[in-house]
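Below is one structure; the comments refer to it alone.
Worth knowing before you read on, the calculation uses all heavy atoms, side chains too, and leaves out hydrogens, waters and symmetry mates. In each ligand, atom 1 is the first atom listed, and ligand 1 is the first ligand listed. It should be emphasised that the depicted structure is a prediction, and the values quoted were computed from it without experimental measurement.
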Amino acid sequence: MQAASKDRLNAHLKAYQQEHLLAFWSDLESESQDQLARQLDAIDFEFMQQLHAGSREIADLETVASRATSPAAVRLEGEASRDSDDAHEAAGALIAAGKIGAMLVAGGQGTRLGFPHPKGMFPIGPLSDRSLFQMHIDQLLAIGAYYGVRLPLYLMTSPATHDPTLKFLQEHDNFGLPREDLHVFCQGTMPAVDLDGKLLLDAPDHVAESPDGHGGMLAAFCNSGCLQDAQERGLEQLFYFQVDNPLAKVCDKSLIGHHLLADSEMTTQVVAKGAPDDKVGNVVDVDGRLMVIEYSDLPAEVGERRNADGTLELWAGNIAIHVFRVDFLERAAQSNSALPFHRARKKVPFVNERGELVEPAAPNATKFERFIFDLMSSAKNAIAVEAAEADVFAPVKNATGSPKDTPETAQAAILARDRLRIESSGIELAPDVAIEINPRYAYDAKTLRDKLPQGTKIDRDTYFH
Ligand code: UTP
């Protein structure tokens, strides 16, 4: 049986020059052989070969980028933002009708942060020590309580984060989110290849695979039954955000409202870039379609183009916060071409011919990932809606001590935002006092004013919860 299995696999792998994946076959216990055989059977080697050869790349990105112009957008200041009362009203009505849910992606490996657990478990609350997961769930519960509805959370993990995430949430009773409102689903994986297109083993009986990118959400959302759940609940829209941004304003009404007013299938929240070479993806228009061009793919002369008033033409920075119509996701999931794979050179540990695990010091492999923002170009009426960075974006990407996007920079942003909330409600704050507000304490300005009447003085660090 095992020998037959080896012959069959070997013949198949040989057609794609991947026989090395069976190098340790005869040393493996039969259980390990079965596991490896199952993994190999699930890999589409034809497709991997095409990815390695680049025949599935987006054609001539540089020419595409040269045609980029500023995207259809609602700016913070300007004509279109005048109707923001209408936007808030439309969003409020949608939320109150229970027609929106949240989609949180948390399948990344968080390699740069170097935290030995899923990133969502990172204790980011500057005074509260709340984890990223808890901070996001607190927002959902606060909105639900304010509008008298329940907002479901679809939480995407990957094989790298799934079990510890479930355990953490269970240990904390889902931070108060009812069980029926939490759907944890696991995204798919992709093998990595070396320079010659050979897949790598990370154990004698296991091919190295990693999560297939946040764009893996689309397939996983459908295959897991979560899309169906969303439809059965009557959800029309989904608010999408990433676990590592504690400042993300869940179900931001301005974003959702403009998305509804524009009858858009996918709307993306953006912040204005400070400089042409800011290291963010650029939300741009190409031939009447919105798309994101990564900073590394944008030719410098295109990024530097300016309007007559000196402002950047390509001003819109991607912060990975989107709203999707649920029926758009359903349609996109049926199309094979909606999400291409992007390639990235990465360090991927592998076993050498002696069966020893090697941790490479430099990138040794190409990983293939899908990016969810690529859906934008197939969405009808897609627009960008600007927000102030200090209100919505403080990602936790790098370890303490790095120059930017660290736990400390995110904590400083949370404190600055919450201090401003207190100050705007007219409360006297001693200088240097640190303030953190749990949105469940006060979701809106009026509640905050009611709870902290005029004349209140705050002279010590306070976590309002
Ligand atoms: P990043 O691309 O910043 O990756 O993910 P990361 O895993 O957090 O960190 P590094 O690059 O390994 O240091 C942005 C967001 O997308 C999610 C992450 O969990 C994060 O919320 N993501 C990323 C997924 O859900 N799946 C993926 O395959 C990749």
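- Contact detail for Tyr295 and Asp278: the closest heavy-atom pair is CB-O, 3.8 Å.
- At the top of the distance list for atom 25 (O) of ligand 1, counting protein heavy atoms only, stands Gly107 N, 2.8 Å.
- Ring geometry for His172 versus Phe175: interplanar angle under 30°, hence parallel rather than tilted (30 to 60°).
- The shortest contact between atom 12 (O) of ligand 1 and any protein heavy atom is with Thr111 OG1, 2.6 Å.
- The line from NZ of Lys119 to NZ of Lys397 is 4.5 Å long, rounded to the nearest 0.5 Å.
- Summary of contacts: the protein heavy atom closest to atom 18 (C) of ligand 1 is Gly108 N, 3.5 Å.
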Checking Glu265 against Arg325 for the salt bridge (Lys or Arg N to Asp or Glu O under 4.0 Å) test, could you report, in this order, the C-alpha distance in whole Å, the side-chain angles of both residues, the deciding distance, and whether it holds? CA-CA 5 Å; Glu265 289 187 319; Arg325 276 181 69 122; 5.2 Å; no
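- Distances below 4.0 Å separate heavy atoms of Gln187 from the following atoms of ligand 1: 24 (C), 25 (O), 26 (N), 27 (C), 28 (O).
- Here the protein heavy atom with the shortest distance to atom 20 (C) of ligand 1 is Asp244 OD2, 3.8 Å.
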Does the pair Asp244 and Arg112 meet the rule for a salt bridge (Lys or Arg N to Asp or Glu O under 4.0 Å), with working shown? CA-CA 12 Å; Asp244 55 11; Arg112 286 169 287 171; 5.9 Å; no
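- Between Lys346 and ligand 1, no pair of N/O atoms sits closer than 3.5 Å.
- In terms of protein heavy atoms, atom 21 (O) of ligand 1 is closest to Val105 O, 3.0 Å.
- Taking distance alone, with nitrogen or oxygen atoms compared against 3.5 Å, Lys397 approaches ligand 1 more closely than that limit.
- For the pair Leu113 and ligand 1, the shortest N or O to N or O distance does not fall below 3.5 Å.
- Contact of the Glu236 side chain with the Leu94 side chain is registered, since non-hydrogen atoms from C-beta on lie closer than 4.5 Å.
- Residue, atom and distance of the protein heavy atom nearest to atom 29 (C) of ligand 1 are His214 N, 3.7 Å.
- Residue-ligand proximity: Gly216 is placed with every non-hydrogen atom at 4.0 Å or more from ligand 1.
- Which parts of ligand 1 touch Met156 is read off a 4.0 Å heavy-atom cut-off, strictly below it: atoms 25 (O).
- Protein heavy atom at the shortest distance from atom 6 (P) of ligand 1 is Gly110 N, 3.7 Å.
- Against a heavy-atom cut-off of under 4.0 Å, Gln242 is close to the following atoms of ligand 1: 14 (C), 15 (C), 16 (O), 21 (O).
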Any chance you could lay out the salt bridge (Lys or Arg N to Asp or Glu O under 4.0 Å) test for Glu171 and Lys167, step after step, and finish with the verdict? CA-CA 6 Å; Glu171 277 166 9; Lys167 186 162 173 273; 3.3 Å; yes
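- Among all protein heavy atoms, the one lying closest to atom 2 (O) of ligand 1 is Arg112 NH2, 4.3 Å.
- Taking every heavy atom of Lys119 and a limit of under 4.0 angstrom, the matching atoms of ligand 1 come to 8 (O), 9 (O).
- Looking at Ala106 against ligand 1, only its backbone comes within 4.0 Å, counting heavy atoms.
- Other residues, nucleotides and ligands contribute over 12 non-hydrogen atoms within 6.0 Å of the CD atom of Gln109.
- Taking the six-membered ring for Trp, Phe221 and Tyr154 have ring centres closer than 6.0 Å.
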Kindly determine whether Glu369 and Arg343 satisfy salt bridge (Lys or Arg N to Asp or Glu O under 4.0 Å), including the steps that lead there. CA-CA 6 Å; Glu369 291 192 351; Arg343 44 173 65 223; over 6 Å; no
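- More than 12 heavy atoms of other residues, nucleotides or ligands lie within 6.0 Å of NZ in Lys253, so this atom counts as buried by the packing criterion.
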